[in-house]
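Have a look at the structure below, then the notes.
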2 protein chains.
Amino acid sequence: MAKTTSDDHRDPDLIAVQAGSAAASEMTRPAGLDRDRILTAAIAFIDENGLSALTMRRLGATLGVEAMALYRYVPGREDLLDGVVDRVVETLFDKDDGDDIYVEDHNGWQDYLMRLAHGVRRIALAHPSVFPLVASRPPAAPWVRPPLRSLRMVESFLGTLTDAGFPDQAAVAAYRAYSSFLLGHLLLEVTQLGAQVSLLDQPEGDPEAQANTDLTQFPALLRTEKLLSRDKSAAEFEEALENLLDRLERVLRETRASDGDAGDLA
Amino acid sequence: MAKTTSDDHRDPDLIAVQAGSAAASEMTRPAGLDRDRILTAAIAFIDENGLSALTMRRLGATLGVEAMALYRYVPGREDLLDGVVDRVVETLFDKDDGDDIYVEDHNGWQDYLMRLAHGVRRIALAHPSVFPLVASRPPAAPWVRPPLRSLRMVESFLGTLTDAGFPDQAAVAAYRAYSSFLLGHLLLEVTQLGAQVSLLDQPEGDPEAQANTDLTQFPALLRTEKLLSRDKSAAEFEEALENLLDRLERVLRETRASDGDAGDLA
DNA sequence: ACCTGAACACCGTTCAAGT
DNA sequence: ACCTGAACACCGTTCAAGT
């Protein structure tokens with residue numbers, strides 16, 4: 001390895017980071033520090049080294065600069081993280097970015113909800129180490145529900161459903177159900193991604209023996225182990241999404257039948 | 001306030017903590033340090049001061065001891081947090097603890113799933129600042145899905161469903177759907193709890209004016225603001241849970257009709 | 001046996017000083 | 001105008017030393 005500072009019982013993160021940053025600082029010199037460049041660097045850093053490895057000092061090094069220089073452009077670490085979350089979430093609206101995932105022009109509300117769900121899932125899978133942050137940073141307003149984090153997203157969601165004939169109350173209920181579904185599914189999906197790599201990182205003893213910790217006490221587990229290990233995230237996501245859409249469709253139809261204010265859902 | 005160390009642009013957490021810890025250290029002196037006592041103290045600390053305020057040094061102070069003493073009983077901070085999570089999760093199985101929420105003896109699998117859901121929800125609401133940890137700590141095995149975090153819980157879940165006639169595959173699919181639902185719902189619920197208090201904590205400017213940040217650009221939001229602010233978490237939880245149970249019941253019935261291996265669900 | 005003091009390598013953050 | 005050095009108050013963690 002490179003120049004590490006003598007004593008060696010340190011955070012395992014450090015090793016990877018220090019090895020990488022030397023090379024990285026060469027390329028990014030072009031100066032012109034900038035809030036945007038800092039956020040980009042922070043996201044890349046988290047993607048590569050994990051959230052816990054991100055410090056102001058290390059991020060500075062990545063940009064060829066001392067940590068203190070960052071404070072010209074970012075009020076502090078917490079704000080940096082908020083910025084990272086906003087940035088990542090807003091890539092949803094970047095034209096050119098994806099395979100036809102524009103949430104703006106759509107064919108009906110079902111299509112809209114599917115595009116939105118797939119778009120957010122794409123983000124989560126692209127930045128698995130950032131997503132927990134998307135899920136857990138305190139929202140701007142109390143009724144903003146992660147992972148739908150911006151006023152713009154909430155507005156577009158509610159606007160689309162109410163335009164499609166959902167009464168306000170039903171649209172709000174749908175917003176809540178939808179955000180719960182997205183959060184639960186995607187957070188579990190990225191968590192499991194993280195678990196995969198962290199198992200490969202630290203192979204204490206042989207990797208086989210560790211996993212089989214006397215499952216003999218747990219017959220049902222033992223029996224379904226193969227099933228449990230099979231990853232069906234994509235299919236499950238689809239199935240749960242379709243199920244939610246069916247439920248909403250039912251609500252909408254019932255609303256139309258008895259044209260009062262019956263769209264409660266909760 | 002009390003004795004704070006001169007300069008005062010510090011983490012807002014600190015103020016509350018220091019004020020409290022002086023009083024607390026008086027009572028807890030009875031020595032006899034102990035892993036159990038440390039975990040209990042850590043949970044209480046997080047409940048009162050939030051996760052970010054928990055440091056080894058501060059926790060030590062709470063127990064009338066220097067931070068270094070903790071290392072006799074706990075390998076390190078990360079392990080401490082794992083211990084906290086295990087401890088909180090396992091209160092589910094404590095007899096005497098709750099109003100008839102025993103997951104072990106039940107009347108049918110639906111009853112079991114309802115008790116389990118309500119039990120986990122009770123935990124989440126009792127320790128809203130701990131729950132994000134329950135949700136995000138890397139699980140012991142890759143197929144352990146938060147917030148159902150222990151082998152014991154997974155075993156009991158799968159055992160109950162398969163005993164009730166679910167084919168293994170359907171039981172596993174149910175386990176996945178159920179954990180996603182719980183995680184999404186409860187994480188959002190505690191997040192919103194946290195948002196409430198953090199709004200009261202830092203009232204910059206008048207608390208009214210801040211919230212109304214030119215919502216004029218967001219008509220649907222503006223129109224539904226009242227609806228959005230109304231908290232219906234409990235009812236929504238119930239409704240989503242019942243919906244999930246209905247879905248599972250359908251799967252089970254279909255399985256029984258065509259008694260093959262049709263219980264796919266995913 | 002159990003706790004502490006002192007030390008080490010790191011943090012975030014401020015601010016006067018350099019260019 | 002933009003960055004840095006030095007400093008401050010804090011971290012987690014180790015280890016020899018105290019009782």
Side-chain angles (χ1 to χ4, degrees), chain A residues 2-18 21 25 28-38 41-42 45-46 49-84, chain B residues 1 3-18 21 25 28-38 41-42 45-46 49-84:
Chain A
K3 37 151 190 180
T4 82
T5 35
S6 64
D7 269 36
D8 243 310
H9 24 57
R10 285 147 35 264
D11 193 1
D13 291 335
L14 290 187
I15 299 159
V17 174
Q18 289 179 335
S21 67
S25 63
T28 42
R29 277 295 168 100
L33 213 41
D34 186 331
R35 185 168 212 268
D36 240 52
R37 249 162 58 74
I38 292 175
F45 191 98
I46 297 172
N49 308 111
L51 182 56
S52 68
L54 180 72
T55 71
M56 298 301 276
R57 290 170 139 107
R58 259 123 80 161
L59 180 57
T62 253
L63 289 159
V65 114
E66 299 297 312
M68 305 79 197
L70 302 177
Y71 288 86
R72 293 261 140 195
Y73 307 94
V74 166
R77 187 179 191 263
E78 291 300 288
D79 177 275
L80 210 203
L81 295 183
D82 285 337
V84 163
Chain B
M1 274 296 115
K3 38 152 193 183
T4 82
T5 35
S6 63
D7 269 35
D8 244 311
H9 23 57
R10 285 145 37 263
D11 193 0
D13 291 334
L14 290 188
I15 299 159
V17 174
Q18 289 179 337
S21 67
S25 63
T28 42
R29 276 295 169 102
L33 213 43
D34 185 333
R35 186 170 212 266
D36 240 52
R37 250 164 57 73
I38 293 175
F45 191 99
I46 296 173
N49 307 111
L51 181 57
S52 68
L54 180 73
T55 69
M56 299 301 276
R57 290 169 139 107
R58 259 124 79 161
L59 180 58
T62 251
L63 289 160
V65 113
E66 298 297 312
M68 304 80 198
L70 303 177
Y71 288 86
R72 292 259 142 196
Y73 308 95
V74 166
R77 188 179 191 261
E78 291 300 289
D79 178 274
L80 211 203
L81 296 183
D82 285 337
V84 162

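Chain naming here is simple, since letters A, B, ... match the order of the sequence lines and numbering starts at 1 in each. The structure displayed is predicted, hence computed values, not measured ones.
Between Tyr73(A) and dC3(D) there is a side-chain N or O to OP1 or OP2 distance below 4.0 Å. Residue Arg58(A) places at least one side-chain N or O under 4.0 Å from the OP1 or OP2 atom of dC11(C).
Closest approach of Val65(B) and Ala69(B) over heavy atoms only: CG1-CB, 3.6 Å. Residues Gly60(A) and Leu70(A) come closest through the heavy atom pair N-CD1, 3.9 Å. When all heavy atoms of Thr62(A) and Ala41(A) are compared, the pair lying nearest together is CG2-CB, 4.0 Å.
Taken residue by residue, residues 74-81 of chain A places heavy atoms nearer than 4.0 Å to DNA chain C at Gly76(A), Arg77(A).
Checked against side chain to side chain donor-acceptor pair (under 3.5 Å), Asp36(A) has the following partners two or more places apart in sequence or in another chain: Arg87(A). Applying the salt bridge (charged side-chain N to carboxylate O under 4.0 Å, His left out) rule to Glu78(A) yields the partners Arg137(A); only residues at least two apart in sequence or on another chain are considered. Every residue two or more places apart in sequence or in another chain that forms a salt bridge (charged side-chain N to carboxylate O under 4.0 Å, His left out) with Arg35(A) is listed here: Asp79(A). For Arg57(B), the side-chain contact (heavy atoms from CB on, under 4.5 Å) test picks out Thr55(B), Ala67(B), Met68(B), with sequence neighbours left out.
Here dA16(C) presents its P atom at 17 Å from OH of Tyr71(A), a figure rounded to the nearest Å. Atom CG in Leu70(B) sits roughly 12 Å away from atom C1' in dT13(D) (whole-Å rounding). For the pair Ile38(A) CD1 and dC2(D) C1', the computed distance is 12 Å after rounding to whole Å. Between the CE atom of Met56(B) and the C1' atom of dC10(D) there is a distance of 15 Å, given to the nearest Å.
Rounding to the nearest 0.5 angstrom, the gap separating the OH atom in Tyr71(A) from the CE atom in Met56(A) is 4.0 Å. Taken from CG in Leu59(B) to CD1 in Ile38(B), the straight-line distance is 7.0 Å, to the nearest 0.5 Å. Rounding to the nearest 0.5 Å gives a distance of 8.5 Å between CG of Asn49(B) and CG of Leu54(B). Here CG of Leu81(B) is found 6.0 Å from CD1 of Ile46(B). Values are rounded to the nearest 0.5 Å.
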Give every pair of a protein N or O atom and an N or O atom of nucleotides 4-6 of chain C that lie under 3.5 Å apart, one pair per line with the distance.
residue : atom : partner  : partner atom : Å
dT4(C)  : OP2  : Glu66(B) : N            : 2.8

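With a 3.5 Å limit on both pairing distances and Watson-Crick or G-U wobble geometry required, the stems of 3 or more pairs in DNA chain C span C:4-8 with D:12-16, C:12-16 with D:4-8.
Counting only heavy atoms from C-beta on, Leu33(A) has its side chain closest to dC3(D) among dT14(C), dC3(D), dG12(D).
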